[in-house]
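Below, each value reflects all heavy atoms present in this structure, side chains not excepted, and no hydrogens, waters or symmetry copies.
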Amino acid sequence: MSVTTKEKVLARRPDSLAPAVTHYCPGCGHGVLHRLVAEVIDELGIAERTVGVASVGCSVFAYDYFDLDFVQVPHGRAPAAATGLKRARPDLVVFTYQGDGDMAAIGTAEIIHAAVRGERFTAVMYNNSIYGMTGGQMSPTTLPGMVTDTTPAGRDPAEIGYPFLVAETLAAQPGAVYVARTRLGDMASIVKTRRALLRAFKAQLDGEGFSMVEVLGSCPVNWGMSPSEANAFVAREMVRHFPLGVFRDGPATPPAVAEADGGGGRGTGGNVSAARGTGAQRPAQEGTGRGDA
Amino acid sequence: MSVTTKEKVLARRPDSLAPAVTHYCPGCGHGVLHRLVAEVIDELGIAERTVGVASVGCSVFAYDYFDLDFVQVPHGRAPAAATGLKRARPDLVVFTYQGDGDMAAIGTAEIIHAAVRGERFTAVMYNNSIYGMTGGQMSPTTLPGMVTDTTPAGRDPAEIGYPFLVAETLAAQPGAVYVARTRLGDMASIVKTRRALLRAFKAQLDGEGFSMVEVLGSCPVNWGMSPSEANAFVAREMVRHFPLGVFRDGPATPPAVAEADGGGGRGTGGNVSAARGTGAQRPAQEGTGRGDA
Amino acid sequence: MAIAATQAEPATEALLYKGNEALGEAAVRAGCRFFFGYPITPQSELPAYMARRLPEVGGVYLQAESEVAAINMVLGASAAGVRVMTSSSGPGFSLKQEGISYLVGCELPAVLVNIMRGGPGLGNILPSQADYFQATKGGGHGDYRLIVLAPAGVQELADLTGLAFDLADVYRNPVIVLGDGLLGQMMEPVRFPALRPAPDPPDWALTGARGRPRRLITSIHLAAEALEAHNQRLQAKFARMAERETRWEAVETEGARLVVVAYGTASRIARAAVELAREEGLPVGLLRPITLWPFPAKPLAELAGGDAARFLAVELSAGQMVEDVRLAVAGRAPVEFYGRMGGAVPTPREILEVIRRQLGGDGR
Amino acid sequence: MAIAATQAEPATEALLYKGNEALGEAAVRAGCRFFFGYPITPQSELPAYMARRLPEVGGVYLQAESEVAAINMVLGASAAGVRVMTSSSGPGFSLKQEGISYLVGCELPAVLVNIMRGGPGLGNILPSQADYFQATKGGGHGDYRLIVLAPAGVQELADLTGLAFDLADVYRNPVIVLGDGLLGQMMEPVRFPALRPAPDPPDWALTGARGRPRRLITSIHLAAEALEAHNQRLQAKFARMAERETRWEAVETEGARLVVVAYGTASRIARAAVELAREEGLPVGLLRPITLWPFPAKPLAELAGGDAARFLAVELSAGQMVEDVRLAVAGRAPVEFYGRMGGAVPTPREILEVIRRQLGGDGR
Amino acid sequence: MATHEIIIAGFGGQGVLTAGQLLAYAGLAEKKHVSWFPAYGPEQRGGTANCSVVLSDRPVSSPVVSEPTAVVAMNQPSVDRFEPLVRAGGALVVNTSLARRKSPRQDLTVVEVPATEIAGELGNLRVANLVAVGALLAATGAVRPESVLEALKKLLGPGKAALLPLNRKALERGLAIGRRLLAAAET
Amino acid sequence: MATHEIIIAGFGGQGVLTAGQLLAYAGLAEKKHVSWFPAYGPEQRGGTANCSVVLSDRPVSSPVVSEPTAVVAMNQPSVDRFEPLVRAGGALVVNTSLARRKSPRQDLTVVEVPATEIAGELGNLRVANLVAVGALLAATGAVRPESVLEALKKLLGPGKAALLPLNRKALERGLAIGRRLLAAAET
Amino acid sequence: MAEIHIQLDQDRCKGCELCVEACPRDVLAMASHINALGYQPVEVVAAERCTGCRACYVVCPDVVFTLTRAA
Amino acid sequence: MAEIHIQLDQDRCKGCELCVEACPRDVLAMASHINALGYQPVEVVAAERCTGCRACYVVCPDVVFTLTRAA
Ligand SMILES: Cc1ncc(C[n+]2csc(CCOP(=O)(O)OP(=O)(O)O)c2C)c(N)n1
Ligand SMILES: Cc1ncc(C[n+]2csc(CCOP(=O)(O)OP(=O)(O)O)c2C)c(N)n1
Ligand code: SF4
Ligand code: SF4
Ligand code: SF4
Ligand code: SF4
Ligand code: SF4
Ligand code: SF4
Ligand SMILES: [Mg+2]
Ligand SMILES: [Mg+2]
């Protein structure tokens with residue numbers, strides 16, 4: 001069934017998405033997020049110079065689903081590999097696609113230092129509060145009380161803390177230029193996610209620094225919910241622990257010096273590059289954190 | 001020359017400090033920080049149940065200088081080892097003593113997750129903006145423009161970012177109960193550092209969560225300065241990039257939920273432990289960040 | 001040290017257990033109360049089991065932020081004198097190599113589990129034995145040796161796990177339990193010994209220097225003389241282990257002209273092949289190393305000096321243990337290799353074919 | 001691939017270089033433009049050199065946040081098709097093992113330097129050869145092999161570094177340059193070949209799928225058949241390497257009754273000892289493996305089949321390479337071992353004593 | 001037969017792994033040597049699965065069955081893959097609801113049972129596995145049906161005891177069909 | 001002598017490593033085979049240091065000198081440690097400003113020179129190493145003094161060329177003292 | 001509104017029902033047959049009601065929909 | 001103010017001069033001799049001026065000072 005030339009296309013698979021059927025469970029948001037990334041790449045017309053870095057998690061086979069050059073790297077290390085790639089060929093557009101376990105646990109140091117140094121790639125994180133691929137173990141982003149394979153009595157914050165907030169932590173790093181958290185589920189939230197991804201890739205194209213979008217999504221299978229229930233859980237519960245919003249949007253700046261003396265006049269006698277202006281650094285929350293963002 | 005009983009002791013080596021002569025370079029602040037930690041342990045009367053965790057850096061031989069049980073662990077992993085120790089024997093008082101390279105580079109994931117989970121030990125970090133032990137390479141906390149062995153033209157923030165702010169980043173993690181940054185040099189700043197250490201160990205004794213003090217100090221040898229110049233550099237330059245202050249002082253709370261709905265009423269239907277009150281989470285800066293703190 | 005206890009305590013009824021879960025239960029019964037791990041297939045049932053089970057006995061399961069953190073949590077807990085375990089598979093076990101080298105240098109006991117999968121890289125999650133070199137020759141830096149236990153069934157997995165804790169404590173050295181996805185996932189009946197309480201902290205543990213001089217645990221010895229002396233002490237310890245702790249099983253090796261050498265999962269299939277061969281009247285035996293280090297070189301050398309005219313190493317790898325067989329046999333008889341890789345598992349009949357070819361003399 | 005180029009280009013005047021710095025310069029001349037590392041003694045002069053030198057040739061030096069990050073930056077850069085290097089010592093090299101296994105699985109070239117120091121654990125910063133097993137048998141998981149080059153002097157260090165890049169590209173496999181603190185710190189004259197430009201990206205590199213089908217670099221093969229096939233391809237490649245790339249130096253081995261086997265730094269001292277022995281008229285030769293993998297088993301076997309009545313392996317370790325010597329000699333002659341550990345370096349006379357004892361026949 | 005080497009294969013959700021475990025538990029209760037081993041297709045989610053079960057009066061050598069004495073094939077791919085492996089004289093149970101046999105091997109005892117349909121009749125598609133197990137027991141006598149029911153009781157636990165009658169019924173339907181077909185074949 | 005195997009030893013700050021490098025550079029300029037190897041005490045900061053320098057007309061085997069043909073000992077611990085190792089007939093230069101000899105070995109050419117004091121006279125304690133090197137050259141002729149000066153020029157580079165005269169003076173003072181002492185000894 | 005053409009790639013559908021829920025006009029429903037993946041796929045039951053709002057396309061994780069409007 | 005007793009463990013002193021700078025009363029100065037560690041250590045040159053303010057002790061990285069006051 002091909003689309004005839006007489007028709008106006010309202011919606012179709014983006015070119016950067018390969019036609020393969022994914023291995024994702026029914027209703028899993030990874031598929032939606034893949035499509036959004038592909039749409040943004042198409043919109044920016046950068047497919048021919050984009051390289052993706054696949055991480056280890058359910059999205060490990062992302063390389064089969066995008067029609068782009070791809071490399072698959074060790075668990076958690078996608079930001080390091082992306083750094084190597086981008087430093088080697090700054091003309092490429094580079095993005096990582098990672099899970100919460102991948103980025104918020106084993107890959108913590110790599111993502112933070114990418115943000116500190118202002119590496120010019122875009123990190124996309126699918127946060128489903130669980131290790132999906134290995135069968136549903138706790139992640140650092142698991143919600144308090146959530147029962148998983150390794151928190152059989154529910155995550156107890158008194159023992160193992162509250163969820164790790166990746167977007168906020170990265171937004172606070174000096175080399176970050178765009179950091180946002182969005183969610184999937186309904187049409188409006190998906191459209192907002194697309195917009196955030198577009199801004200993140202644009203930030204990379206501008207060459208100013210590190211960009212990242214954390215996307216809250218479901219894992220119906222390991223949560224033991226129907227796809228629809230799982231989406232509702234994202235909208236109702238996840239956002240209470242992970243506020244949606246843009247946490248950084250502006251040129252890379254050293255937060256400390258900025259606070260101390262307004263960002264000007266620093267330098268310790270060495271080759272300090274021209275001081276760049278102090279961008280907006282406070283979270284500009286889009287929604288109220290109550291699931292309506 | 002022993003002190004006779006007729007005299008009042010104004011100042012003497014704390015008992016928890018071993019009499020060994022250190023291998024530190026003349027004027028290096030590690031010696032002062034060792035003494036302060038020992039004084040605090042003496043003051044709290046906890047020497048007999050305290051275990052130190054030595055990291056890799058110039059302070060690797062800290063175990064020879066404290067009169068305490070000690071274990072020396074791989075570079076950057078002191079927070080993980082301290083976690084294991086404290087989880088195995090919660091009755092012990094456990095602290096790590098780490099450098100900026102150790103904690104802010106290779107050990108980033110370990111220290112952040114200790115703060116996320118609220119591990120009940122105290123981390124002490126000596127931040128001299130350089131890898132002292134290996135001969136003066138750049139650290140993630142090296143100042144812009146600073147010339148090191150591996151930034152021969154000075155750290156260029158446009159290429160490798162501005163310094164990583166460890167205290168601020170840790171203070172933002174949900175399991176942190178006390179996080180401060182102080183400096184060494186003059187008497188007043190040293191006394192403030194001692195006070196911060198005391199609060200940090202007390203927080204551990206209270207059993208509420210993770211505590212940490214980042215102490216700005218010198219490396220005269222690798223900075224190529226006299227001890228006195230080096231101290232002046234800390235007071236004048238370092239503090240402009242690393243504002244002094246208490247960044248967290250209050251019970252562990254999940255920042256996100258606290259922001260979203262005031263910290264009450266959370267829970268996702270599982271076993272959420274009794275919600276604890278929302279402590280002060282905004283940095284309460286002690287000084288102005290201009291070296292007079 | 002109560003090595004005997006593990007074996008001697010009255011066993012409970014036989015229960016059907018998955019390998020990974022039997023491993024966990026056996027650890028708990030051996031007095032292990034602390035587990036630090038990071039999820040990875042095909043060992044994930046083990047952490048999940050520990051997460052359920054340890055709180056019941058007053059222990060702690062903690063999911064680390066990474067394998068690197070996990071092995072160093074183990075180091076910290078071990079320094080405090082408790083029985084502690086961690087577990088992973090290929091990629092994660094590679095990340096623990098620095099920590100393992102430190103554990104040895106610090107002389108800290110711990111039980112480390114590797115449930116092997118297909119490699120290199122991410123590979124796949126199917127059974128493999130390609131981490132033999134890493135386990136036995138030292139994947140980490142420096143001169144060191146670990147006892148490596150290679151169970152071939154679920155009961156033995158449970159038994160050797162108990163033994164692993166005892167050996168780790170006796171020698172103050174980490175012990176590896178090396179299995180693969182097949183062993184971890186399969187179910188067999190198992191009888192566990194009675195629950196042992198967690199032992200008291202040993203006299204080197206860090207417990208706070210109350211009423212005694214402070215204790216220090218470190219792997220640093222700056223002077224060449226000091227580090228050489230430390231290494232000599234370690235080497236003497238390794239020599240003692242080699243002398244006392246070598247374990248193997250010989251199946252119909254007496255009078256065998258061909259001796260198949262295989263461990264773990266591969267030995268199960270090799271054993272079936274040997275049975276088929278015996279049914280055909282072929283003079284074939286099986287030597288099954290139970291400790292991969294220390295490797296049972298002596299029994300192999302004796303067989304090579306005796307009736308055995310040739311050896312056949314069978315592994316789920318490109319050929320790793322076969323090097324140790326060759327070292328043991330030292331040229332006295334040909335040593336052939338048959339292996340499958342990447343998660344492929346041979347059938348008994350496939351091995352029987354190889355045996356027939358060997359005995360047919362084509363290979364000579 | 002321009003292997004010959006490295007050797008054939010007109011050499012510049014001899015310059016006195018520290019080993020670590022010569023390594024860096026040689027890498028730059030071989031077209032390496034990217035270095036990702038993390039400081040550790042005794043290799044720190046190398047990153048410092050690269051930090052100064054690479055910007056001069058339009059390259060990038062980046063100090064990673066850890067060795068784990070460094071090896072994965074290498075992976076990323078290699079995937080982009082550039083010549084790239086990383087470097088470390090013992091503890092840091094252990095941390096790279098997962099990444100190394102991935103590089104092999106992904107068939108990505110890279111040059112990895114380990115300037116060994118005393119272990120296990122933190123040990124000390126003195127010269128050692130105790131990471132031989134890790135380098136040659138695979139410290140990471142899965143079946144894999146790397147070419148391991150073991151230079152014995154600064155000129156050879158420079159030459160082999162150039163060769164390492166070429167071999168890595170030819171075989172699409174990482175290559176290890178294995179030295180120790182002594183080699184890294186010593187100065188000797190060195191002549192460098194002319195500067196080569198960075199090569200164009202090869203036809204598998206990720207450069208963006210402009211005008212061609214997309215490319216994929218991965219180590220994952222989920223099905224047993226697929227991963228076995230991948231491993232078979234890799235093994236075939238390793239076999240080709242073994243056939244073509246074995247390198248060694250034989251010094252007066254002809255007619256020698258005792259052959260000393262030593263590599264790298266130890267071979268320098270062993271050579272002095274052999275010279276002393278020859279001066280005394282003792283029939284002693286030296287076989288120096290230049291590639292540790294593939295190991296020069298054939299020349300050793302030939303010597304064992306010829307005049308050599310015995311072998312003496314000399315290492316700065318508890319005895320690692322000696323296993324490969326034993327495998328090569330396969331029982332045809334006794335193989336003895338002499339080693340020092342923990343940074344201790346033997347004197348030539350000390351080795352001469354051992355040689356005398358061996359030839360005196362006490363050991364027989 | 002001293003040793004039963006059984007493969008039970010089907011789609012991911014058809015309960016083939018559980019069916020195998022039931023046989024192993026039953027064998028254990030009968031003091032046999034037993035082993036159970038699961039295998040999944042390369043796809044992680046959904047896809048196919050099978051398990052090897054060995055029941056023997058001597059210690060089990062290989063737990064991976066390569067030449068089964070009996071196969072239960074719950075769908076067509078399983079028939080295609082495993083029918084050729086069954087030993088001569090062995091048994092093959094085919095779930096005809098989801099599979100048609102391919103090669104009519106003459107050297108096997110074949111039991112064709114519409115397990116899924118019967119389960120549907122019983123009101124729960126999930127008990128198709130027990131229907132098939134019933135048929136298997138009819139064909140092989142590998143373990144006694146009562147042992148399977150005992151095992152089932154244990155596996156379900158007190159929480160799900162209510163499901164027992166349904167499962168028993170499924171097992172019995174399978175047994176009955178199997179016995180009937182075999183009797184018919186013999187006559 | 002076809003091969004000079006030299007050890008230069010002293011405290012961390014005494015420039016013993018640089019002195020050794022100068023010899024190696026000089027040897028290289030004279031087309032000799034050369035090697036230089038530094039060694040530090042176990043203390044990282046300050047402490048003692050030494051280096052091995054080999055100058056030879058054939059390829060250098062071991063770069064680690066264990067039986068030196070000549071030793072320059074800038075302080076007492078260095079005399080204590082290295083004097084016993086010098087080969088019979090070899091040379092020993094002792095910085096008498098910071099060391100007294102222990103065993104008056106008769107089989108050595110000994111040059112005692114107050115290098116630190118002379119350097120002090122010259123206005124910079126740091127050139128004591130060159131005074132000692134001068135004495136060493138007088139005793140061994142390992143390389144020509146001009147080669148050392150050439151090497152020095154290279155090492156200092158244009159930036160520090162101003163230091164050249166001072167260093168030259170130090171070298172010459174050492175040479176002169178050495179030659180005088182040796183001449184005295186011969187007569 | 002017959003001008004909207006909903007093209008369904010039914011063999012990709014995993015039957016998650018998210019599109020059915022998302023459609024504001026009840027255009028979609030689950031079919032009763034099983035597709036190649038083993039799922040009951042979505043089907044169009046009231047094409048004439050479709051407004052071309054794209055919600056189905058946007059929420060579908062498996063890119064089952066192609067929507068066109070007659071020009 | 002002779003009541004303050006400054007006890008110096010001179011063999012620990014590394015001659016960094018930080019105490020000399022820190023002393024508000026110029027009680028301290030660097031000695032001319034070399035100590036066991038190879039440094040010119042600090043010495044007390046005007047004990048009578050000492051107020052017992054502890055600055056020297058507080059800034060000294062090498063715990064050279066013990067300060068007592070006659071009771
Ligand atoms: C070094 C290493 N450790 C562990 C694993 C096992 N592993 C694979 S995916 C994964 C976590 C996946 O969780 P997440 O990143 O949240 O992705 P999701 O599957 O939830 O999308 C883990 C722990 C591995 N492959 N490598
Ligand atoms: C795994 C590993 N990587 C690198 C090193 C080398 N190393 C030792 S100390 C150090 C950094 C020390 O810097 P810092 O932590 O700031 O402490 P400082 O010496 O400045 O007090 C490094 C990189 C090591 N020992 N182990
Ligand atoms: S396991 Fe969870 S995250 Fe993974 S594909 Fe299934 S639903 Fe998606
Ligand atoms: S190198 Fe720097 S940090 Fe280390 S002891 Fe010396 S002055 Fe202190
Ligand atoms: S485009 Fe809108 S109205 Fe039409 S089917 Fe899709 S969701 Fe329903
Ligand atoms: S959202 Fe997509 S996959 Fe889900 S039912 Fe609708 S068409 Fe099928
Ligand atoms: S106590 Fe105060 S006044 Fe006395 S010497 Fe010390 S700094 Fe000076
Ligand atoms: S501060 Fe301490 S070490 Fe420094 S000069 Fe004074 S007494 Fe000596
Ligand atoms: Mg996840
Ligand atoms: Mg530092």
Do chain C and chain B have donor-acceptor pairs under 3.5 Å, and which are they?
{"residue": "C/Glu65", "atom": "OE1", "partner": "B/Arg117", "partner atom": "NH1", "Å": "2.8"}
{"residue": "C/Ala80", "atom": "O", "partner": "B/Arg89", "partner atom": "NE", "Å": "3.0"}
{"residue": "C/Thr207", "atom": "N", "partner": "B/Asp69", "partner atom": "OD2", "Å": "3.1"}
{"residue": "C/Gly208", "atom": "N", "partner": "B/Asp69", "partner atom": "OD2", "Å": "3.2"}
{"residue": "C/Ala209", "atom": "N", "partner": "B/Glu48", "partner atom": "O", "Å": "3.4"}
{"residue": "C/Arg212", "atom": "NH1", "partner": "B/Asp69", "partner atom": "OD1", "Å": "2.9"}
{"residue": "C/Arg212", "atom": "NH1", "partner": "B/Asp69", "partner atom": "OD2", "Å": "3.4"}
{"residue": "C/Arg212", "atom": "NH2", "partner": "B/Asp69", "partner atom": "OD2", "Å": "2.6"}
{"residue": "C/Arg214", "atom": "NE", "partner": "B/Asp67", "partner atom": "OD1", "Å": "3.4"}
{"residue": "C/Arg214", "atom": "NH1", "partner": "B/Tyr63", "partner atom": "O", "Å": "2.5"}
{"residue": "C/Arg214", "atom": "NH1", "partner": "B/Phe66", "partner atom": "O", "Å": "3.0"}
{"residue": "C/Arg215", "atom": "N", "partner": "B/Asp69", "partner atom": "OD1", "Å": "2.8"}
{"residue": "C/Arg215", "atom": "O", "partner": "B/Phe70", "partner atom": "N", "Å": "3.0"}
{"residue": "C/Ile217", "atom": "N", "partner": "B/Phe70", "partner atom": "O", "Å": "3.0"}
{"residue": "C/Ile217", "atom": "O", "partner": "B/Gln72", "partner atom": "N", "Å": "2.9"}

Quick one: what part of B/Leu92 sits under 4.5 Å from any heavy atom of chain C, side chain, backbone, both or neither? side chain
Chain B contact via C/Leu216 - side chain, backbone, both or neither, heavy atoms under 4.5 Å: both
So, the part of B/Val51 with a heavy atom under 4.5 Å from chain C: the answer is side chain
Here the pair of heavy atoms bringing C/Ala69 nearest to B/Ala80 is O-CB, 3.6 Å
Which atom of B/Val71 lies closest to which atom of C/Ala79, heavy atoms considered: CG2-CB, 4.2 Å
Against chain C, work out which of B/Gly107, B/Ala54, B/Ala81 has the most heavy-atom pairs shorter than 4.5 Å and name it. B/Ala81
Would you mind telling me which of B/Gly76, B/Ala88, B/Pro79 has the largest number of heavy-atom pairs within less than 4.5 Å of chain C? B/Ala88
Partner residues of C/Gln235 under the side chain to side chain donor-acceptor pair (under 3.5 Å) criterion, sequence neighbours left out: none
Salt bridge (Lys or Arg N to Asp or Glu O under 4.0 Å) partners of residues 34-44 of chain C, not counting sequence neighbours, each pair once: none
At a 4.5 Å cut-off on heavy atoms, which part of C/Leu62 comes close to chain B: side chain, backbone, both, or neither? side chain
Do you know which of C/Val68, C/Leu108, C/Val74, C/Val60 has the most heavy-atom pairs under 4.5 Å to chain B? C/Val68
Output all residues satisfying salt bridge (charged side-chain N to carboxylate O under 4.0 Å, His left out) with C/Glu25, sequence neighbours left out; order by chain, then residue number. C/Arg29, C/Arg53
